[in-house]
Amino acid sequence: MTEPLKLGLAGLGTVGGGVLRLLAKRSPDLAKRIGRPIEIVAVSALNRHKNRDVDISGFRFVADPVELARDPEIDAFVELIGGEEGVAKESVEAALRAGKHVVTANKALLARHGPALAALAEKHGVALNFEGAVAGGIPVVKAIRESLQGNTIARVYGILNGTCNYILTLMLTEGRSFADVLKEAQAQGYAEADPTFDIGGFDTAHKLALLTSLAFGTRTSFESVYVEGIENITPADIEAADDLGYRIKLLGVASRTESGIEQRVHPTMVPKHTAIASVDGVSNCVAIDGDFVGDIMLIGPGAGAGPTASSVASDLIDIARGHILPPFGTKAKDLKPYKKAEMRGHEGGYYIRLSVYDRTGAFAAIASRMAEQGISLESIVQRRPRAALPGFRRQEAGSPAAVVMITHQTTEAAIRKALAAIERDGHVDAKPQMIRIEKL
């Protein structure tokens with residue numbers, strides 16, 4: 001086929017602009033490699049006259065993305081609007097029903113409606129590609145959907161949000177508070193004015209839901225993801241982790257267990273010597289444990305105009321070559337129902353930080369509560385900060401002491417019961433801090 005692949009592009013924000021620039025720069029070379037050109041023939045955006053760093057005057061403008069999705073002149077619809085409902089969902093559905101291929105970077109839409117949209121694409125014999133929806137420029141969707149199909153995957157995990165990784169990196173390297181670093185991240189454009197979606201772990205959860213479906217052949221189940229953000233991480237925790245031989249990262253983890261599949265997003269202690277501990281700044285990484293390939297890790301830029309546009313372009317090239325696969329690697333009708341493993345059944349080691357009143361019997365009572373739940377302690381240390389850091393109080397006579405405990409393997413249920421009992425006993429002056437330790 002030598003006819004151009006004609007595109008309608010909806011959404012002219014950061015990624016949309018990146019796609020326009022990439023195709024403008026690379027079109028001649030891509031046409032030679034693919035054997036046919038890729039051409040944008042029409043675009044859609046909320047505001048036609050907004051000042052942008054790309055020129056859209058050469059493209060036909062269609063105000064309504066849904067109308068663009070049905071446009072008879074296009075072969076493929078590129079959705080970069082965002083959002084799990086509304087016009088993004090309506091336009092993707094319209095394109096698929098009209099027999100148009102779809103490329104999207106919309107993780108929220110797919111995490112909620114991926115299997116239904118995949119079934120619609122398969123019904124009409126078109127592609128639904130979404131490499132740009134997970135980890136920006138890292139080609140993890142294609143790696144799992146194609147390159148690793150010969151493996152049974154036991155676990156997929158990674159750093160999937162650059163904003164959180166940037167904040168935790170600066171807290172470590174500069175000893176600053178979460179709130180202080182967040183303000184800088186917002187000023188530099190790494191965090192939104194309302195950063196809840198990122199720092200609360202929800203962005204990571206959307207991406208993890210897609211990786212879970214790809215890795216385990218199940219239907220997406222975003223509502224089954226256990227989510228904690230990084231808002232409560234203090235410099236005291238960062239310092240203690242460093243002294244104990246760990247780094248704190250916000251991880252998304254999906255793993256097979258005897259009772260079902262765990263999907264969890266939370267701050268995690270990872271050993272310093274592991275590769276994932278050295279992934280800093282706004283970088284992302286995805287690790288995959290396969291039975292034949294072993295453990296592999298992909299590292300790279302997880303967001304931004306260029307990296308995400310690169311992934312969008314990869315999806316378009318596949319379509320132009322006629323390389324059409326089931327969106328989740330398995331036909332939608334064959335995706336297995338998601339069986340959730342309860343979070344309270346999770347097993348692992350835990351970091352616990354307590355602010356304990358300095359009085360007779362307090363430490364014995366805490367140890368007793370741990371023993372009641374069968375929790376074995378690897379270490380227990382009374383800590384004083386290297387410097388006056390948020391999260392630690394200066395210790396004066398009779399004031400609470402900062403105590404850090406590392407447990408051996410135990411269950412989430414046991415830890416929660418023990419900490420609830422410790423709080424009820426009144427020997428601590430603040431809610432205990434608990435961070436899971438991931439075995440890597």
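The chain is numbered in sequence order, starting from 1. Computed from heavy atoms alone, side chains included, the values below leave out hydrogens, waters and symmetry copies.
The CG atom of Leu377 sits 7.0 Å away from the OG1 atom of Thr407 when rounded to the nearest 0.5 Å.
Under 4.0 Å is where a charged nitrogen must lie from a carboxylate oxygen, and between Lys249 and Asp280 at least one such pair does. The pair Asp29-Lys32 does not meet the salt-bridge criterion, since no charged nitrogen lies less than 4.0 angstrom from a carboxylate oxygen.
Taking the side chain as every heavy atom from C-beta outward, Lys6 and Glu73 never approach each other to under 4.5 Å. Inter-residue side-chain proximity for Tyr351 and Met434 is flagged as unmet; no heavy-atom pair is nearer than 4.5 Å. Residues Phe77 and Leu68 meet the side-chain proximity criterion, which asks for heavy atoms closer than 4.5 Å. Between Arg436 and His266 there is a side-chain heavy-atom pair separated by less than 4.5 Å. Between Leu211 and Val134, the closest side-chain pair of non-hydrogen atoms falls below 4.5 Å. Residues His101 and Ile324 are in side-chain contact: their nearest non-hydrogen atoms beyond the backbone lie under 4.5 Å apart. With a 4.5 Å cut-off on side-chain heavy atoms, Leu210 and Phe328 count as touching. Side-chain contact between Pro267 and Glu228: present, with at least one pair of heavy atoms (C-beta onward) separated by less than 4.5 Å.
For the pair Ala88 and Leu109, the tightest heavy-atom approach, listed with the atom from each and the gap, is O-CD2, 4.4 Å. Minimum heavy-atom separation, Ile74 to Ala69: CD1-O, 4.1 Å. In terms of heavy atoms, Val253 sits closest to Arg155 at CG1-CD, 4.1 Å. The heavy-atom pair separating Phe61 from Ile56 by the smallest distance is CD1-CD1, 4.4 Å. Nearest heavy-atom pair, Thr14 versus Ala305, reported as atom, atom and distance to 0.1 Å: O-CB, 3.4 Å. The minimum heavy-atom distance linking Leu12 with Leu20 is given by the pair CD2-CD1, 3.9 Å.
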| task | Give the C-alpha distance, both sets of side-chain angles, the deciding distance and a yes or no for side chain to side chain contact (heavy atoms under 4.5 Å, CB included) between Arg321 and Ile319. | result | CA-CA 5 Å; Arg321 286 174 169 161; Ile319 292 169; over 6 Å; no
| Given Val265 and Leu208, is the side chain to side chain contact (heavy atoms under 4.5 Å, CB included) satisfied, shown in steps? | CA-CA 8 Å; Val265 173; Leu208 184 66; 4.0 Å; yes
| side chain to side chain contact (heavy atoms under 4.5 Å, CB included) between Glu146 and His323, worked out | CA-CA 11 Å; Glu146 300 178 37; His323 186 50; 3.3 Å; yes
| request: Evaluate the criterion side chain to side chain contact (heavy atoms under 4.5 Å, CB included) for residue pair Ile138 and Ile299; output intermediate values, then yes/no. | output: CA-CA 7 Å; Ile138 302 174; Ile299 302 172; 5.6 Å; no
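When atom types are taken as modelled, the side chain of Arg52 and the backbone of Gly17 share no donor-acceptor pair closer than 3.5 angstrom. Side chain of Glu39 to backbone of Pro4: no donor-acceptor contact under 3.5 angstrom is found. Between the Asp291 side chain and the Asn151 main chain, no donor and acceptor come within less than 3.5 Å of each other. Checking side-chain atoms of Lys100 against main-chain N and O of Ala76 turns up no donor-acceptor pair under 3.5 Å. Judged purely by atom type and a 3.5 angstrom limit, Glu239 has no side-chain atom pairing as donor or acceptor with the backbone of Ala241. Judged purely by atom type and a 3.5 angstrom limit, Asp237 uses its side chain to pair as donor or acceptor with the backbone of Thr234. In this structure, Arg264 contributes its side chain and Met343 its backbone to no donor-acceptor pair below 3.5 Å. Under the 3.5 Å distance criterion, the side-chain polar atoms of Gln149 are matched with a main-chain donor or acceptor of Ile144. Between the side chain of Thr220 and the backbone N or O of Ala111, at least one donor-acceptor pair lies under 3.5 Å. Within the 3.5 Å criterion, the main-chain N or O of Glu347 finds no donor-acceptor partner in the side chain of Thr411.
A 6.0 Å sphere centred on CG of Leu46 holds no more than 12 heavy atoms belonging to other residues, nucleotides or ligands. Within 6.0 Å of NZ in Lys183 there are 12 or fewer heavy atoms belonging to other residues, nucleotides or ligands. Atom CZ of Arg416 has more than 12 neighbouring heavy atoms from other residues, nucleotides or ligands inside a 6.0 Å radius.
Checking Lys142 against Ser314 by side-chain atom types alone, a donor-acceptor pair falls below 3.5 Å. Using a 3.5 Å distance cut-off with no hydrogens or angles, the side chains of Glu85 and His113 do pair a donor with an acceptor. Donor-acceptor pairing under 3.5 Å is recorded for the side chains of Thr196 and Asp194. Defined by atom type and a distance below 3.5 Å, a donor-acceptor pair is present between the side-chain atoms of Gln188 and Tyr166. Side chains of Thr268 and Glu438: no donor on one and acceptor on the other come within 3.5 Å. Using modelled atom types and a 3.5 Å distance limit, the side chains of Tyr338 and Gln263 yield a donor-acceptor pair. Residues Glu131 and Ser311 have side chains that never bring a donor and an acceptor to within less than 3.5 angstrom of each other.
Here the options are Ile233, Leu172, Val181, Asp198, the test is side chain to side chain contact (heavy atoms under 4.5 Å, CB included), and the partner is Ile167; only Val181 passes.
For an aromatic pair to be called close, the ring centres must be under 6.0 Å apart, and Phe197 with His206 satisfies this.
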